[in-house]
**Student:** 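Handing you this structure, nothing more for now.
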Amino acid sequence: MSQAASTLSEASPSNRFPLAVLLIGGAAIGGSPIFVRLSEVGPMATAFWRVALALIPLFIVALMKREGGQKPQNIFDYGMLIFPGVMLSLDLAAWHLSITMTSVANATLLANLAPVFVTVIAFFFFKARISRVFVSGLALALAGVVVLKGGPTALANGDLRGDSLAMIAAFFYACYILSLGRLRSRFDTMRIMLWSTASAAICIFPVAFFFEGDMVPVTVYGWSMVFGLAFVSHAGGQVAITYALAYLPPAFSSLTLLLQPVVAAILAWALLSEAIGTMQALGGAIVLAGIMVARKSRA
């Protein structure tokens with residue numbers, strides 16, 4: 001989907017800077033599985049703190065920046081600002097639940113189908129031009145994720161219900177990315193992030209409270225994990241992606257999802273002493289190659 005030039009006060013930079021911001025955002029989100037794994041509270045409670053605590057730096061930056069961008073004019077505008085947060089909350093709930101029902105490899109692989117959903121939805125509903133080069137890059141990057149996670153045989157160890165939930169999570173994340181892309185033609189980054197993050201927190205809280213109960217970390221270490229997830233992966237990663245969506249197509253931007261397992265593998269090696277084998281190194285290289293091919297398409 002070709003993004004119109006932003007009508008906001010942000011000047012339109014060359015594509016290189018938004019691309020760099022996009023890759024940094026993808027890398028920041030890639031650290032989220034490590035924070036989730038090390039969290040003292042359950043996956044749903046961790047998801048709540050991820051968005052709730054992220055409101056702190058987002059609100060501070062919004063107050064300091066005081067952008068004069070377009071404000072919502074009616075109830076439809078407010079609904080559109082809330083919609084991405086609802087999609088994000090559904091994505092997080094479905095993905096975290098899928099991890100408890102199927103293998104971690106399956107949950108990660110199938111959740112990374114989001115770029116496919118973004119491409120299909122953009123093509124059929126928004127009449128976006130999708131080139132063969134972009135499709136080739138997407139296929140190559142997805143193949144890299146499969147290799148990184150142990151090859152096609154890894155899919156045999158999952159549960160059908162959990163696998164289905166992971167695919168549903170991918171669909172909701174695709175809706176989240178596409179809705180952000182549509183909003184960036186009208187509203188500034190911080191306004192979108194504040195509304196979407198707040199609505200996600202409101203949606204996730206009752207699910208976490210009723211399904212898990214133990215919401216609060218009990219140690220400084222536990223709080224450091226949820227603060228890290230909120231500040232680095234959400235306030236950092238999602239803001240970067242939202243900013244880049246004003247200048248880059250959602251279909252290409254969604255490919256940053258495929259950086260997540262690569263970054264997670266590197267962080268697991270550095271922080272958790274998990275070895276990186278030949279398959280993981282090869283898979284990571286293929287993912288990066290696929291993203292570079294897709295970049296050349298200007299899809």
Side-chain angles (χ1 to χ4, degrees), residues 24-63 82 84-105 107-108 111 162 165-166 169 172-173 176 190 193-242 257 259-261 263-274:
I24 291 171
I29 296 175
S32 60
I34 305 300
F35 289 118
V36 173
R37 184 185 302 183
L38 298 177
S39 176
E40 290 182 345
V41 293
M44 295 294 182
T46 301
F48 166 73
W49 290 117
R50 170 180 181 159
V51 287
L53 293 175
L55 287 169
I56 299 173
L58 292 177
F59 187 71
I60 292 173
V61 172
L63 286 178
I82 291 171
V86 176
M87 293 298 101
L88 179 62
S89 67
L90 291 171
D91 160 59
L92 292 174
W95 185 59
H96 286 176
L97 186 58
S98 74
I99 292 175
T100 68
M101 298 174 65
T102 189
S103 67
V104 173
T108 305
L165 276 173
F172 284 133
Y173 196 84
Y176 170 72
M190 296 312 301
M193 286 305 302
L194 279 171
W195 278 89
S196 62
T197 301
S199 59
I202 292 171
C203 291
I204 292 174
F205 177 78
V207 178
F209 183 80
F210 287 108
F211 277 88
E212 293 179 348
D214 295 330
M215 294 285 297
V216 182
V218 295
T219 67
V220 173
Y221 172 84
W223 279 110
S224 69
M225 290 301 102
V226 291
F227 268 104
L229 180 63
F231 285 19
V232 176
S233 295
H234 193 84
Q238 294 293 350
V239 165
I241 290 174
T242 302
L257 269 180
L259 285 175
Q260 296 182 34
V263 173
I266 295 173
L267 291 177
W269 167 73
L271 301 176
L272 304 176
S273 300
E274 294 186 4

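Residue indices begin at 1 and follow the sequence shown.
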**Student:** Can you find a heavy atom in the side chain of P217 that is under 4.5 Å from one in the side chain of W49?
**Tutor:** yes

**Student:** Just to verify, what does S233 make a side chain to side chain donor-acceptor pair (under 3.5 Å) with, not counting sequence neighbours?
**Tutor:**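 Applying side chain to side chain donor-acceptor pair (under 3.5 Å) to S233 gives none.
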
**Student:** Examine distances only and state if a side-chain atom of S98 and a backbone atom of W95 form a donor-acceptor pair shorter than 3.5 Å.
**Tutor:**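 Yes, S98 side chain to W95 backbone: donor-acceptor pair under 3.5 Å.
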
**Student:** Stepwise, does the side chain to side chain contact (heavy atoms under 4.5 Å, CB included) test hold for M215 with V41?
**Tutor:** CA-CA 6 Å; M215 294 285 297; V41 293; over 6 Å; no

**Student:** Could you give me the CA-CA distance, side-chain angles and deciding distance for M190 and L58, then say whether side chain to side chain contact (heavy atoms under 4.5 Å, CB included) is met?
**Tutor:** CA-CA 7 Å; M190 296 312 301; L58 292 177; 3.5 Å; yes

**Student:** Can you name the ring pair (Phe, Tyr, Trp, His ring centres under 6.0 Å) partners of F172, sequence neighbours left out?
**Tutor:**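 F172 satisfies ring pair (Phe, Tyr, Trp, His ring centres under 6.0 Å) with no residue once adjacent residues are dropped.
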
**Student:** Scan residues 206-225 for pairs that pass side chain to side chain donor-acceptor pair (under 3.5 Å), counting only residues two or more places apart or in two chains.
**Tutor:**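 Found E40-T219.
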
**Student:** Under the side chain to side chain donor-acceptor pair (under 3.5 Å) test, which residues partner T242, sequence neighbours left out?
**Tutor:** none

**Student:** If I take atom CG from residue L92 and atom CD1 from residue I204, how far apart are they, to the nearest 0.5 angstrom?
**Tutor:** 4.5 Å

**Student:** How far does CZ of F48 sit from CD1 of I202, to the nearest 0.5 angstrom?
**Tutor:** 9.5 Å

**Student:** Assess the residue pair L55 and V51 against the criterion (side chain to side chain contact (heavy atoms under 4.5 Å, CB included)); give the C-alpha distance rounded to whole Å, side-chain angles, the decisive distance to 0.1 Å, and a yes or no.
**Tutor:** CA-CA 7 Å; L55 287 169; V51 287; over 6 Å; no

**Student:** For S32, check side chain to side chain donor-acceptor pair (under 3.5 Å) against everything at least two apart and list the hits.
**Tutor:** none

**Student:** Using every non-hydrogen atom in the two residues, find where F231 and L53 come nearest and quote the distance to one decimal.
**Tutor:**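 That would be CE1-O, 3.4 Å.
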
**Student:** Looking only at atom types and distance, does a side-chain atom of W195 sit under 3.5 Å from a main-chain N or O of P84, one as donor and one as acceptor?
**Tutor:** no

**Student:** Can you name the nearest heavy-atom pair linking G25 to A240, along with the distance?
**Tutor:** CA-CB, 3.6 Å

**Student:** List the steps, then state whether side chain to side chain contact (heavy atoms under 4.5 Å, CB included) holds for I241 with I29.
**Tutor:** CA-CA 10 Å; I241 290 174; I29 296 175; 3.3 Å; yes

**Student:** Residues in ring pair (Phe, Tyr, Trp, His ring centres under 6.0 Å) with F209, at least two apart?
**Tutor:**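 F209: ring pair (Phe, Tyr, Trp, His ring centres under 6.0 Å) contacts with F205.
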
**Student:** Taking all non-hydrogen atoms of both residues into account, name the closest pair between S89 and A200 and its distance.
**Tutor:**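 That would be CB-O, 3.8 Å.
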
**Student:** Flag the pair L88 / R50 as yes when at least one side-chain heavy-atom distance between them is below 4.5 Å, and no otherwise.
**Tutor:**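 No, their side chains stay 4.5 Å or more apart.
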
